[in-house]
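Structure record follows, encoded as structure tokens.
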Protein chains: 2
Amino acid sequence: MPTLRQFEIFVKLAETGNMGEAAGGLGLTQPALSQQLRALEDRLGLRLFERVPKGMQLTPAGRDLVAGARSVIAAARDFRDAADHVAAKPAGSIRFGVSPTIGPYLLPAVIKILHERYPDLRLFMREGIPTAQHAALAAGELDMVLSPLPIAGRGLQVEPLFREPLRIVAPPDDPLHDKTSLVHEDFRGRTFLTLDHRHHYHRQLMDICDKLGASVLSDYEGTSLDALQQMVGSGVGLAILPELYIRSDAGGLDMVRIAEPDDWTEYRSLAAAWRPSAAYADLYAEVAQIIADEARKRARLQLI
Amino acid sequence: MPTLRQFEIFVKLAETGNMGEAAGGLGLTQPALSQQLRALEDRLGLRLFERVPKGMQLTPAGRDLVAGARSVIAAARDFRDAADHVAAKPAGSIRFGVSPTIGPYLLPAVIKILHERYPDLRLFMREGIPTAQHAALAAGELDMVLSPLPIAGRGLQVEPLFREPLRIVAPPDDPLHDKTSLVHEDFRGRTFLTLDHRHHYHRQLMDICDKLGASVLSDYEGTSLDALQQMVGSGVGLAILPELYIRSDAGGLDMVRIAEPDDWTEYRSLAAAWRPSAAYADLYAEVAQIIADEARKRARLQLI
DNA sequence: CCTGCTCAATAAGATATGCTAATGGAGGCG
DNA sequence: CGCCTCCATTAGCATATCTTATTGAGCAGG
């Protein structure tokens, strides 16, 4: 295969018809160019130029091939320009794994900010089970993950962002709302809805139910907080929803109402994670900061 | 500018995700590939791959750039394929200069033969004044010329092909046709039409007119033999037309008739010329041979 | 006809590049 | 805990590539 330099020489010489001039244009000397041209012609097994008294003249074959040579160096130039552009500021597609318990309600605003700051950056959001996404992150199938703690992966950079209150919601007509003050005993024997058991949310909910003496509705595992809210609203049971979801457009308190014990202090902690070896590790840290800022803007959340 | 090899490495590694495998596929060892990859990343100023435990994983930037790298090596491959094809048998465009006094009546058949023999060869015929074309040939602006002798250019390979009778034609109703036998005196005072004075034809015609005591119509200089024939047919004067033209489809003897002295023996000699330094010099010699053969097939012409 | 000019080819040597072989080091897995 | 996989690093060597200096061919002008 010819060298890129040889392609450049071919094209430049076709333009100038003069070895010395072409050599100068490429920043080398005439003998070097002469040798490279010969090497190219030898490699191709044909004569590209004819040596006429006035200089170099394309052969018929050369006339046909020069267009192809041009497109090679054009492609190389395009590549280099794209690389320069990418190197100047982050660009490309970041594969972002999020838990469905947080992503849809917080990330749209984050994406908007990122898009303004890095127009060439694209975020591919993929929702999934946090533990599975941690593995995918470690394996390089995702670039960054936003999920509740704990995050297990070995060799991952885990950046805790904020902790978010978990709220107990009940149907609007639930007797719980009749009392002005609630205690743990009021929840004894009640049934809570939950998400897919592989979510960390599930384990946390079970712990909470233990404390309250409540039980988990095992027949149903939702796939989204919206689904849980719908179920609660229709009287199937109680649920625990994160603060940011309730404050979001999707959440709200139209279908359900908050009903908690007076000493209620359950939280969940959210964190971002990425591979510290990643090329864009700095950028991911910045994204994490943006997420934390955005979350705190929406609710007075505590840092961890 | 990155090396072509580096582009190949980039693409191959993006496909395999494994240095050893990619190196094997490219016929080199793993360290060489590792070094080249580093050199490429350094040159671009960005990380294309992320080193994860399982192997190499594209960074977001790398994912964006790999398509460009692919198109570079695709262009290079296309070029090499085209060059191989051209090297296998003559191809390209041969710029062929011809005199309008011979080209249109002889070359179509030659082109047909060449096209059968070398399907990838294209002939660009350019008509023009022979002396100008000789200069263009020497300067490398034409690859081959077919014209009447003499051909002046220095350092040109001139290959005489055949000599062709020149015929005197007169209008059908000209008194010349009444006689069974003509002598030079019959043409004294008659007027001959001619082509552009820069054609060698013009000088030869003036010589002939001198011998016959005839004169040249100086008001009109045709640009083609067809035009001359038309003029003669309409009674403007006499003309001299080459044998091959008269025998061609365009020529024929519908509008004019031959009227010559009994001892008439005027000829013109045609030759092909090219630069002996040309890459396709052998091919041009072959073309010259084809032209000579074709001409002799049409009329019993003498070799020179 | 000789001389000078232009332009390409060649020679020789310095340098840079690209490769291999051998080794080191980090992380995963039984 | 040791082995295995995979990438990085190093040293050494072959070759490619460039530079300077020189030669050679063709043309123009005196």
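Throughout, protein chains are lettered first and strands after them, A, B, ... in sequence-line order, and every chain is numbered starting at 1.
The interatomic distance linking B:Leu40 (CG) with C:dG18 (P) rounds to 11 Å, in whole Å. If you take CG of B:Leu37 and C1' of D:dC6, they are 14 Å apart, rounded to a whole angstrom. Rounded to whole Å, the distance from CG on A:Asp42 to C1' on C:dA9 is 13 Å. Rounded to an integer number of Å, the gap from B:Phe49 CZ to D:dC6 P is 16 Å. Remark: C1' of D:dT17 and CD1 of A:Ile9 are 10 Å apart, rounded to the nearest angstrom. When the P atom of D:dA16 is taken as reference, atom CZ of B:Arg5 falls 13 Å away, rounded to whole Å. We find that CD of B:Gln6 is positioned 11 Å from P of C:dT17, with the value rounded to whole Å. The distance between atom CD of A:Glu50 and atom C1' of D:dA25, rounded to the nearest whole Å, is 15 Å.
Residues B:His200 and B:Ser147 have side chains that never bring a donor and an acceptor to within less than 3.5 angstrom of each other. Side chains of B:Tyr118 and B:Glu286: a donor on one and an acceptor on the other come within 3.5 Å. For the residue pair A:Glu50/A:Gln57, the side-chain donor-acceptor check at 3.5 Å is not satisfied.
Listed pair A:Thr29 / D:dT19 meets the phosphate criterion, a side-chain N or O lying under 4.0 Å from OP1 or OP2. The side chain of A:Ser34 places no N or O atom within less than 4.0 Å of a non-bridging phosphate oxygen (OP1 or OP2) of C:dA8. Between B:Arg38 and D:dT9 there is a side-chain polar atom (N or O) within less than 4.0 angstrom of OP1 or OP2. A close approach under 4.0 Å does occur between a side-chain nitrogen or oxygen of B:Asn18 and OP1 or OP2 of D:dC7.
Heavy atoms of A:Gln36 sit under 4.0 angstrom from primed sugar atoms or phosphate atoms, though from no base atom.
Taking 3.5 Å as the limit, the base of D:dT10 and the side chain of B:Gln35 contain a donor-acceptor pair of atoms between them.
If you find the closest nucleotide of DNA chain D to A:Thr3 and to A:Gln30, the one lying nearer the 5' end belongs to A:Thr3. In terms of position along DNA chain C, the nucleotide closest to A:Glu21 lies nearer the 5' end than the nucleotide closest to the other residue of the pair A:Glu21 and B:Leu33.
Side chain of A:Asp143 to backbone of A:Phe96: no donor-acceptor contact under 3.5 angstrom is found.
B:Ile73 contributes atom CD1, which lies 9.0 Å from atom NZ of B:Lys12 (distance to the nearest 0.5 angstrom).
The side chain of A:Pro31 lies closest to D:dT20, out of C:dA8, D:dC7, D:dT20.
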